[in-house]
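Values below: all heavy atoms of this structure, side chains included; hydrogens, waters and symmetry mates excluded.
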Amino acid sequence: MDKYIPADIETKWQRVWEEERSFEVPDPETPGGADRSEKSYVLEMLPYPSGTLHMGHVKNYTMGDVIARFRARNGAIIFHPMGYDAFGLNTENVAIKTGIHPAELTRINTGNINRQLHRLGVSIDWSRELATCDPEYYRWTQYFFLKFFERGLAYKKEAPVNWCPSCATVLANEQVVQGGCERCSTPVETRSLAQWFFRITDYAERLLDDFKQLESWPERVITMQRNWIGRSEGAEVIFRVDGLGIDVPVFTTRPDTLFGATFFLLAPEHELVETLVAGTEYENKVRDYVTSSRLKPLVDRAMAEREKTGEFTGRYAVNPVNGEKIPIWVSDYVLMEYGTGAIMAVPAHDQRDFEFARKFGIEVRVVVSGEGVGAESGPGLEAAFEEEGALVNSGRFDGMLNRDAGAAITEWLNGESLGRAAVSYRLRDWLVSRQRYWGAPIPIVYCDKCGTVPVPVDDLPVLLPDVEDYAPKGKSPIATNEEFVNTVCPVCGGPAKRETDTMDTFVDSSWYFLRYTDPRNDREPFDRAIANYWMPVDQYIGGVEHAILHLMYARFFTKVLYDMDLVAFEEPFNNLFTQGMIYYQGAKMSKSKGNVVNPDDHVENYGADTLRLYILFMGPPELDVEWQDQGIEGTFRFLGRVWRLINEIIEKAPADSAAGFEGLGGDIIKIVRKANQTIVKVSGDVSERFRFNTAISAVMELVNDTYLVKDELFQSDAGRGVLRFTAETVVKLLDPFAPHICAELWERLGHRRLWQEPWPRADERFLEDETYELVVQVNGKVRDRLQVASSAGKEDLLAAARASGKIAKYTGGKQLVKEIVVPGRLVNIVVK
RNA sequence: GCGGGCGUGGCGGAAUGGUAGACGCGCCAGCCUUAGGAGCUGGUAGGGUUCUCCCUGUGGAGGUUCAAAUCCUCUCGCCCGCACCA
């Protein structure tokens, strides 16, 4: 028998799959009318080509591959494409460091990843491969930007953003790590800059509503998105500035506490601040305060524990419910981005307002009374009372329960045109412009005469120009390329300048799953009918770190495309599976910690099959697991065991051995049953629960059992027939996990293409054992175990239990209370 | 602070109301071998023991049930997300 040499087998079959284009899937001839019931779009999040694949990727792509191969063998038409999220800061930073052009780096890295995925034997339709940095791809990313612009969903506005003074560039929120720049750790500042945004807030309600369309998204991910969107119900209440006659709306979730408002706050960025103080004695102090808070990093301002600061404006606001005049202050704990940038402050019932009032000596007035807190408790209060209670100091609403009073007060305000019920979201519009090089240029032109003009669709793509120096300087590096910047206005033909910002890479990855369906289309981003045929994705798999950003942006994009009638569905991913991370030596693998386990090394040492099998065997795929160097040895040994077992069977049990297992007994039939039971177990574990670890251990059991009886079974023709059957079952069941060794063994078993073979079905006749071990308990404690016939009824089981001498020992002389019989499991005799 | 998750042998884990610890790692023993870091077989929660049983045991305490790792209440520890969002 030859030795198991993974390298030889794996290259052999990878070549076959490539030459025969085994996993390519053509579009249906008439996609509009095609039957979609058998199609299955299996998708793993596309990799960012920052170098080579790490273990997390291997887990991701192996899981996807197991699902794809399993479904394919169960009759599905599998759509399983791959691409690269190839634009991005990471590559650009490496480029700056190494002097290698980002395009060249990307070419090298995508090449590596392509090679690694081939070496892992992942069943991908390579004919649909794409890279988001390819002009043929980003042309359509730009196209969508224009479509968004057309619909008013892309707009430019001045906004406070995170600024890294050392890198001289803006950073996305997610690129700010603990108040510092992710690249150089320099504390970030806040700057106000004109930026492009996508109006995702318009879709907040639908993003929330459509969770109900999602079939099996992890609760955790939905909760995270729900929190991120942060929907709050409340009221908008209009306060009038005394003496100036200006109306200022505020948003509050506590209209029930309106009578307790004792001051009024504006965010430092609020446009009204200047109007209120201009020409007054408060002017300078307030301006200084505004300036200093603008300099504070956004992250710092968001610290809940910070001491409250503020400045009085000298003006008063009129509380619409009681006509009371309350002082208007400016404070940086009020955020311009949320609600209206102005709030009514109710110190008795809001901890933040309470701290502010105490610091500046402002009245604390109780309007909701409860345990230990009454109408007169305000001055002595030690903390805000945020519990439920009855209204006091609230005029005609006194005595009402506060949870009813909110609606009543809102209704009253509505009648007086002083307010209305309102909903507010924590979600902000999506900042998509970046002053960096390696991204898709925003297809906009600025003309002195015509203003902001979109590039005509026919002129796309706006190619990313080559520049000498793409180090960040505060402006996009392409701004220095005169040839690029200077252009003509598409409307008037006069001189104009191009937008030089590029798009956030999350834009690129918000629609790639659609492009896969029609990746070479050069007339439109994709054909509507073809996309509608393959989409939505039936199973999406990726890391939980994308729970909010990528997954929410992709959902948003899909909804916009639906509104444009470009697709017929509103959610892109019907089912989502988030995999756990792989730790090593108690920590996340990272280059800086030096605890990286390189997949290539393990493919080299043990082969791809062993690596795939081990990664899935480690534990439930959704949980974080710890990589164990010795663990992988175990799976390698197992595959060696399989190899030797099957080859021995091929040798000693010829293909023409007896078939049909009727009338067999003893160990022989036990193995037949075990094989059939394993078919059921593996099928269920893989299809219903993605429990690959238990599926693999079931196959291990079958292999172990077979080892124990094989020498006996080789002696008879019937036994040899059973071993053949067992060998084929093992190979078929193991195939999705370890496809190379199984393809090889299948061929050696005298067949051809295992991946085209139907998934095995269990034979009902050989599923149930003839006898089983019945547990007999007395008062819930196991006292005996009896072999009983599977066919035995409740009475038989009870009789057998009573007849046991061991049981009699515990029941003797006691009074029988109850007897519980669970056929197939146990008998429990309760005595007193 | 709010929200979510997790806690089972030396280790990864299995069991989702019915035999706790499947399967694998590690370890121990036997066989085979010139040798083995190969292969095959057996053992391996803790304690007791008359060697066949007995007791204890799923972070801790209580409860429901004939029966709880599993359901409920409280509590401790760890991890993740959000966090001045009015």
Side-chain angles (χ1 to χ4, degrees), chain A residues 3 218-228 230-232 234-235 250-254 257 261 265 267 301-308 331-335 337-346 349-353 355-356 424-428 544-545 547-548 580-581 583 613-614 617-620 622-635 637-638 640-641 644 681 691 693-704 707-708 711 772-785 806 809 817-822 824-831:
Chain A
K3 260 183 78 179
E219 206 43 53
R220 180 156 76 120
V221 172
I222 291 179
T223 305
M224 281 166 72
Q225 287 199 12
R226 190 166 271 137
N227 292 343
W228 188 267
R231 182 182 196 276
S232 319
V250 302
F251 174 76
T252 178
T253 53
R254 295 293 306 273
T257 64
L265 290 174
R301 274 184 61 181
M303 295 285 256
E305 293 81 13
R306 251 179 73 229
E307 176 148 349
K308 299 285 177 289
S331 176
D332 66 5
Y333 82 85
V334 180
L335 308 174
E337 296 80 25
Y338 186 76
T340 63
I343 64 165
M344 65 174 210
V346 184
H349 305 292
D350 182 290
Q351 186 56 28
R352 299 155 297 175
D353 299 346
E355 286 162 21
F356 191 93
S424 195
Y425 302 92
R426 205 190 74 106
L427 181 70
R428 312 271 198 269
V544 75
E545 65 273 18
I548 296 172
M581 285 195 301
Y583 286 83
L613 198 65
Y614 175 57
F617 183 65
M618 284 166 82
E622 70 276 16
L623 297 185
D624 294 343
V625 286
E626 171 108 9
W627 179 274
Q628 306 211 323
D629 290 313
Q630 281 165 329
I632 193 167
E633 299 266 0
T635 45
R637 274 203 292 266
F638 169 67
R641 245 165 103 77
R644 288 186 298 275
K681 171 79 176 154
R691 297 299 279 252
N693 54 332
T694 51
I696 294 165
S697 76
V699 180
M700 287 174 168
E701 283 186 50
L702 176 59
V703 170
N704 290 348
Y707 259 92
L708 295 180
D711 290 335
Y772 64 93
E773 193 179 72
L774 178 78
V775 167
V776 185
Q777 300 179 329
V778 177
N779 290 343
K781 290 197 173 190
V782 181
R783 295 304 182 188
D784 200 6
R785 296 153 202 268
K806 287 179 186 164
K809 220 163 63 185
V817 178
K818 204 181 217 181
E819 288 164 321
I820 284 117
V821 184
V822 184
R825 294 265 178 208
L826 53 71
V827 170
N828 188 10
I829 299 171
V830 185
V831 293

With nearest nucleotide decided by heavy atoms, which residue, A:M344 or A:N828, maps closer to the 5′ end of RNA chain B? A:N828
Where each residue is assigned the nucleotide of RNA chain B containing its nearest heavy atom, which of A:L708 and A:G619 is assigned the position nearer the 5′ end? A:G619
Answer with base, sugar-phosphate or nothing: what part of the nucleic acid does [X] contact at a heavy-atom distance below 4.0 Å?
| X | answer |
| --- | --- |
| A:E219 | nothing |
| A:R426 | base |
| A:E819 | nothing |
| A:N693 | sugar-phosphate |
| A:K681 | nothing |

Any strand: nucleotide that pairs with [N] via Watson-Crick or wobble, under 3.5 Å:
| N | answer |
| --- | --- |
| B:G36 | none |
| B:G42 | B:C28 |
| B:G57 | none |
| B:U50 | none |
| B:C82 | B:G1 |
| B:G7 | B:C76 |

Just compare [options] and give me whichever is closest to any side-chain atom of [X].
| X | options | answer |
| --- | --- | --- |
| A:V334 | B:A86, B:G12, B:C66 | B:A86 |
| A:R220 | B:G3, B:C80, B:C66 | B:C80 |
| A:K806 | B:G13, B:C25, B:C53 | B:C53 |

Quick one: is [X] getting a side-chain N or O under 4.0 Å of the [N] phosphate, OP1 or OP2?
| X | N | value |
| --- | --- | --- |
| A:K781 | B:U56 | yes |
| A:T694 | B:A22 | no |
| A:R783 | B:C55 | yes |

Is the glycosidic torsion of B:G9 within 90° of 0, making it syn, or is it anti? syn
So CD of A:E355 and OH of A:Y333: to nearest 0.5 Å the spacing works out to 8.5 Å
Nearest-Å distance once atom P is located in both B:A22 and B:G13: 15 Å
